[in-house]
Amino acid sequence: MAFTEPDKLVSLEEAAGHVADGDVVALGGALSYREPMALVRELVRARRRDLHLVGSAHGIDVDLLVGAGAVRVLEESYVGYEQDFGLAPAYRRAAESGRLALRETCCYTLLQQLRAAEYGIPFMPVRGILGTGIRDLHPEYGEIRCPFTGQRLVAVPALAPDVALIHGLLADRRGNVHLARPLVLDERFTFASRKVVVTVERLASPSEVAEAGVVLPYFAVTAVVEAPYGAHPTSCYPHYTYDRAHLGEWVKAAGTDEGVHQYLDRYVLGPGGEEGYLKSVGEDRLQALGEWSASDERWKELLS
Amino acid sequence: MAFTEPDKLVSLEEAAGHVADGDVVALGGALSYREPMALVRELVRARRRDLHLVGSAHGIDVDLLVGAGAVRVLEESYVGYEQDFGLAPAYRRAAESGRLALRETCCYTLLQQLRAAEYGIPFMPVRGILGTGIRDLHPEYGEIRCPFTGQRLVAVPALAPDVALIHGLLADRRGNVHLARPLVLDERFTFASRKVVVTVERLASPSEVAEAGVVLPYFAVTAVVEAPYGAHPTSCYPHYTYDRAHLGEWVKAAGTDEGVHQYLDRYVLGPGGEEGYLKSVGEDRLQALGEWSASDERWKELLS
Amino acid sequence: MSADFTIDEWMCAALANTIRDGEVVFHGFGSPCATIAMHVAKRTHARHMVLVEGSTYALDPDPAFVPPTSNDWSLMRRAVHVLRFEELFDLAARGGVDRMFLSGGQIDPHGNTNVTAIGPPDTPKVKLGGGGGGCNLSATVGTLTLWATRHRSGRTLVERCDVITDLGYVTPTGTRQELGFPGGGPEWLVSELGVFDFPDGRARLRRLYPDVSLDEVRAATGFELVVDPGLRPL
Amino acid sequence: MSADFTIDEWMCAALANTIRDGEVVFHGFGSPCATIAMHVAKRTHARHMVLVEGSTYALDPDPAFVPPTSNDWSLMRRAVHVLRFEELFDLAARGGVDRMFLSGGQIDPHGNTNVTAIGPPDTPKVKLGGGGGGCNLSATVGTLTLWATRHRSGRTLVERCDVITDLGYVTPTGTRQELGFPGGGPEWLVSELGVFDFPDGRARLRRLYPDVSLDEVRAATGFELVVDPGLRPL
């Protein structure tokens with residue numbers, strides 16, 4: 001269970017090898033923030049299929065995987081682009097065509113299922129869910145009565161993802177990882193999952209990671225990849241804010257199957273790797289995303 | 001439920017007023033480390049009675065309160081001085097005389113009971129306890145079957161202490177508190193308890209606390225007291241290591257009821273307050289405890 | 001004077017007015033009106049409110065602007081502290097969040113909301129984004145302020161939600177009391193046409209925006225419109 | 001050569017030898033022998049072990065000395081990381097701790113230990129310190145190494161514990177399998193007289209310290225002494 005090899009540094013391709021067709025995959029980050037996009041793109045390149053995605057509120061990571069045909073079961077609490085670009089087009093199209101098994105979850109329910117796995121117990125009692133349509137989407141939930149109060153509670157089964165994909169700031173070769181807040185569910189995914197694959201902006205010495213603050217300890221981490229801009233086009237503060245223009249480009253493309261394929265050809269499959277991806281995006285654009293900290297005005301400008 | 005007053009700074013005496021006779025009291029820190037001793041001493045001065053103490057592995061905080069006759073129910077996982085001074089004399093004497101209701105708990109069981117309170121659920125399922133004498137000490141525990149696996153598990157009831165007593169490093173007047181690791185159960189006590197009373201080494205500005213790192217957010221904190229050396233004779237790193245000689249003095253005194261009273265007269269009741277307590281201990285001694293960081297040799301010397 | 005305000009500003013003010021001083025308040029993601037309303041309240045009548053941002057879980061931040069996404073560091077600027085995901089949700093689960101802002105693609109007269117799907121949830125006609133944390137939160141949070149910006153479309157306030165994502169007062173399975181939920185349910189529903197309260201657990205029109213007529217509201221509302229006898233403009 | 005070692009050193013070496021490389025290992029508080037054994041193992045045959053200190057939950061620290069208390073920053077020196085209390089206990093609860101060191105004021109032949117009380121636990125003749133986390137941990141940790149420094153007293157290895165704090169292989173309520181516990185139970189018991197293993201879940205003497213006779217061990221042991229036919233000195 002513990003991962004104790006002193007050097008876990010692998011290529012992105014090798015890292016994606018930890019994800020098998022049909023796996024339950026937990027995606028770190030949330031919405032427009034620190035999603036494991038380099039790994040997501042690599043799964044597309046590897047033509048992974050039938051994935052069961054679990055997560056809280058997500059965006060392009062899920063939309064892209066669904067668009068690429070990699071997903072069969074969808075167990076996220078939200079997929080979309082909020083007030084920015086609204087509904088996720090590829091996801092929506094797949095959902096409405098019946099190609100996806102839709103098991104919409106709720107953030108807290110998911111948290112409690114992960115905690116059950118983390119605590120080594122087969123279920124957690126949860127207050128809520130009863131009376132909602134979310135309950136109907138989950139025949140695997142049960143019910144239980146409190147032995148003390150007689151209250152009726154939903155029992156949600158432990159959920160241990162096959163693999164968690166996380167993008168962080170720094171890691172050492174052993175797998176100690178530094179993340180900045182918000183941590184979202186990254187810690188819970190790490191401790192509940194069977195394998196944990198982490199990409200980071202930069203490989204660092206153990207002492208540098210320790211000084212920045214270890215959030216994920218090495219023994220829980222399976223493999224480490226150095227992937228600068230590995231969250232792009234989502235943000236990875238303090239390195240870069242999110243690339244709103246690029247997201248917009250994806251959302252526009254994702255409106256049709258053909259658009260999805262054109263996007264994938266141009267950015268993911270055509271260039272054949274992350275170096276190519278970043279070149280296609282353009283160095284100037286990437287550099288500009290780091291200028292958010294120059295001033296509030298610059299920050300606002302980048303996000304408008 | 002939220003504590004939103006902008007200024008929560010009170011005297012130690014007022015702070016102790018948040019603890020009523022008969023309350024369930026959670027003690028922060030552990031063993032020889034960061035125990036809320038200034039508050040413990042103030043509870044002795046206030047002649048508080050019939051307390052129900054809950055905690056993990058503790059030392060002089062419990063031993064002193066028991067010695068002073070403040071405790072009726074003992075629900076800690078350990079009370080003593082490890083290899084250093086062994087069994088806790090006052091506690092042991094009270095326990096063997098039948099004056100205490102002994103409800104020895106286990107660290108993880110306690111954690112899961114606090115979590116149940118924190119999660120707003122009436123119980124938590126726990127693996128373990130069955131087959132042990134700890135189970136027999138807790139008629140309030142129940143049993144439950146997993147609705148999925150049919151497994152038999154212990155159901156432990158939610159535990160929301162009436163008040164948690166925590167000693168930290170820094171706080172602002174609003175109640176944001178910085179603690180250093182180990183955090184032991186301090187966070188869980190804070191979020192599970194109805195009231196949270198915090199003493200700190202030093203009152204600081206909000207920005208200084210934020211920079212050091214808020215661990216307990218203001219809305220969860222009821223009252224704040226500035227109490228330098230408030231953990232003495234336990235340690236409060238990085239400020240001071242534990243006062244082994246003073247602990248030894250207490251342990252020796254605690255061997256008899258008379259010794260306990262002499263100790264209390266000399267250090268707690270006689271001086272009548274923390275200023276007097278610290279004077280009785282002596283400024284040189286206190287200063288020396290801060291020298292642990294000078295070198296490993298000095299550190300070792302202080303602990304031998 | 002009223003002509004100086006946009007409808008968005010009116011809505012934000014109406015939302016802000018639902019907040020009481022000293023409350024712990026939280027909004028869902030993708031809710032810029034609620035974000036602004038909370039910051040307005042915090043700077044005016046509710047200086048002691050505990051403001052938790054909807055996706056960063058930043059505590060009492062001072063953002064320079066409202067970004068187009070809610071999980072952004074700009075919403076953490078000068079925050080006292082950034083709560084963990086777990087800390088916020090646990091707080092809400094034990095009844096420690098006093099008010100939450102929630103919206104819905106559909107909202108029924110009992111205050112149930114749907115952000116999951118139009119049509120059946122497993123084979124939807126339109127797949128909506130999803131409920132995030134609302135399903136659990138609506139069961140335990142003290143009071144809810146619902147909001148809707150497309151009341152006028154006629155498709156938002158409906159007799160019955162196709163799917164119930166977040167709980168109002170009563171569902172086909174039972175009332176929130178029968179289901180064992182400690183949360184108080186929706187207190188207000190603020191749309192771009194008016195403000196509803198929920199006496200006896202059913203939406204009742206209580207305020208109209210200037211320049212909006214009762215007939216307009218009735219035409220846009222898919223359930224029988226109950227009107228407060230004391231109805232007046234905002 | 002053996003005369004150059006103290007009995008404490010022998011014990012620490014014997015304890016260290018129970019650790020396999022790559023294991024996640026944890027000790028309880030108040031266990032200086034186990035602390036030293038873990039650091040010896042980490043520096044010799046088990047360089048890839050994951051060493052978690054018993055009370056600070058420091059990960060792979062490099063202490064300059066062993067202090068008289070286990071919740072001390074000296075045991076965190078140069079640690080890679082300090083785990084939270086919750087992280088360590090949850091790890092153990094889900095089977096992620098491979099080995100734990102546990103001791104007992106009483107230890108029975110099934111490997112049950114008592115650190116709670118001599119006499120009835122609610123009205124004890126002697127109140128011992130208490131079990132800390134051992135009660136739960138002994139149910140789920142992969143394997144246990146038990147240790148005792150007062151075997152010679154005749155009061156430590158007993159036929160039956162007055163109270164069972166930490167679980168061995170079988171209790172009056174059932175076996176650990178019957179109780180539903182995934183942990184493997186005690187693998188070794190190291191005392192200052194010898195080393196026991198637990199074939200079929202019952203303590204069996206397997207090694208003797210130099211200068212200790214089988215009769216001495218038998219006299220000091222409160223349960224029927226089963227001896228490995230291959231018994232030999234350490």
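Worth saying up front: this structure is predicted, and the values here are computed from it rather than measured. Protein chains get the first letters and strands the later ones, always in sequence-line order, with residue 1 at the start of each.
Listed here is the closest heavy atom pair of D:Pro67 and B:Gln83: O-NE2, 3.4 Å. Heavy atoms only, all atoms of each residue included: B:Leu130 and D:Leu167 are closest at O-CD2, 3.9 Å. Smallest separation of non-hydrogen atoms from D:Thr140 and B:Arg127: CG2-CD, 4.2 Å. Heavy-atom minimum distance, B:Tyr242 versus D:Pro68: OH-CG, 3.3 Å. Across B:Cys107 and D:Phe89, no two heavy atoms sit closer than the pair CB-CZ, 3.5 Å. Of all the heavy atoms in B:Tyr91 and D:Leu128, the pair that sits closest is CE2-O, 4.4 Å.
Residue contact with chain D, scored on non-hydrogen atoms closer than 4.5 Å, is absent for B:Ala101. With a 4.5 Å cut-off on non-hydrogen atoms, B:Leu111 touches chain D through its side chain but not through its backbone. The contact between B:Glu104 and chain D is made entirely by side chain atoms (from C-beta outward), counting heavy-atom distances below 4.5 Å. Of the atoms belonging to B:Thr105, it is backbone heavy atoms, and not side-chain ones, that fall under 4.5 Å from chain D. Using a 4.5 Å cut-off between heavy atoms, B:Ile134 contacts chain D through both its backbone and its side chain. Interface remark: B:Ser56 contributes side-chain atoms only to the contact with chain D (heavy atom separation under 4.5 Å). Looking at B:Arg103, there are no atoms closer than 4.5 Å to chain D (heavy atoms on both sides), in backbone or side chain. B:Phe85 does not touch chain D: none of its heavy atoms, backbone or side chain, sits under 4.5 Å away. For B:Val154, no part lies under 4.5 angstrom from a heavy atom of chain D. At a 4.5 Å heavy-atom cutoff, B:Arg135 makes no contact with chain D through either its backbone or its side chain. When heavy atoms are compared at a cutoff of 4.5 Å, D:Val82 approaches chain B by way of both its backbone and its side chain.
Side-chain atoms of D:Lys127 and B:Leu87, non-hydrogen and from C-beta on, never get closer than 4.5 Å to each other. For the pair B:Val184 and D:Asn71, the minimum side-chain heavy-atom distance is below 4.5 Å. Proximity of D:Val126 to B:Arg92: side-chain heavy atoms (C-beta onward) are separated by under 4.5 Å at one or more points. Here the side chains of D:Ser74 and B:Trp299 are in contact, with some heavy-atom distance below 4.5 Å. With contacts defined as side-chain heavy-atom distances shorter than 4.5 Å, the pair B:Leu303/D:Phe65 qualifies.
Between B:Tyr237 and D:Trp73, the ring-plane angle classifies as parallel under the 30° and 60° cut-offs.
Comparing B:Leu183, B:Asp136, B:Ile129 by heavy-atom pairs within less than 4.5 Å of chain D, the highest count is held by B:Ile129. Top candidate by heavy-atom pairs under 4.5 Å with chain B, chosen from D:Gly132, D:Pro63, D:Ala64, D:Gly30, is D:Gly132. Top candidate by heavy-atom pairs under 4.5 Å with chain B, chosen from D:Cys135, D:Ala139, D:Ser55, is D:Cys135. By number of non-hydrogen pairs under 4.5 angstrom with chain B, the leading residue of D:Asp162, D:Val115, D:Thr171, D:Leu83 is D:Thr171. Comparing B:Gly131, B:Ala95, B:Ala30 by heavy-atom pairs within less than 4.5 Å of chain D, the highest count is held by B:Gly131. Note: B:Ser77 leads B:Pro238, B:Gly128, B:Gly98, B:Ser77 in heavy-atom pairs under 4.5 Å with chain D. Ranked by non-hydrogen atom pairs under 4.5 Å with chain B, the options D:Thr173, D:Thr69, D:Thr123 are led by D:Thr69.
Counting non-hydrogen atoms of neighbouring residues, nucleotides and ligands closer than 6.0 angstrom, the CZ atom of D:Arg150 reaches no more than 12 such neighbours. Atom CZ of D:Arg204 has more than 12 heavy atoms from other residues, nucleotides or ligands within 6.0 Å. Within a 6.0 Å radius of CZ in B:Arg298, more than 12 heavy atoms belonging to other residues, nucleotides or ligands are found.
Using a 4.0 Å cut-off between charged side-chain N and carboxylate O, B:Arg152 and D:Glu178 make no salt bridge.
D:Asp122 places no side-chain N or O within 3.5 Å of a backbone atom of B:Leu102 that could act as its donor or acceptor partner. The backbone N or O of D:Ser31 lies less than 3.5 Å from no partner atom in the side chain of B:Glu82, so there is not a single donor-acceptor pair.
Sequence neighbours left out, the pairs with a member in residues 64-86 of chain D that pass salt bridge (Lys or Arg N to Asp or Glu O under 4.0 Å) are B:Glu187-D:Arg84, B:Arg188-D:Glu86, B:Asp296-D:Arg77, D:Asp62-D:Arg77, D:Asp62-D:Arg78.
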Exercise for the section: Could you check D:Ser70 against B:Leu31 for side-chain contact (heavy atoms from CB on, under 4.5 Å), going step by step and ending with a plain yes or no? Expected result: CA-CA 8 Å; D:Ser70 58; B:Leu31 293 167; 3.7 Å; yes
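In summary, of the residues considered (D:Asp90, D:Leu137, D:Leu88), a side-chain contact (heavy atoms from CB on, under 4.5 Å) with B:Tyr108 occurs for D:Asp90 alone.
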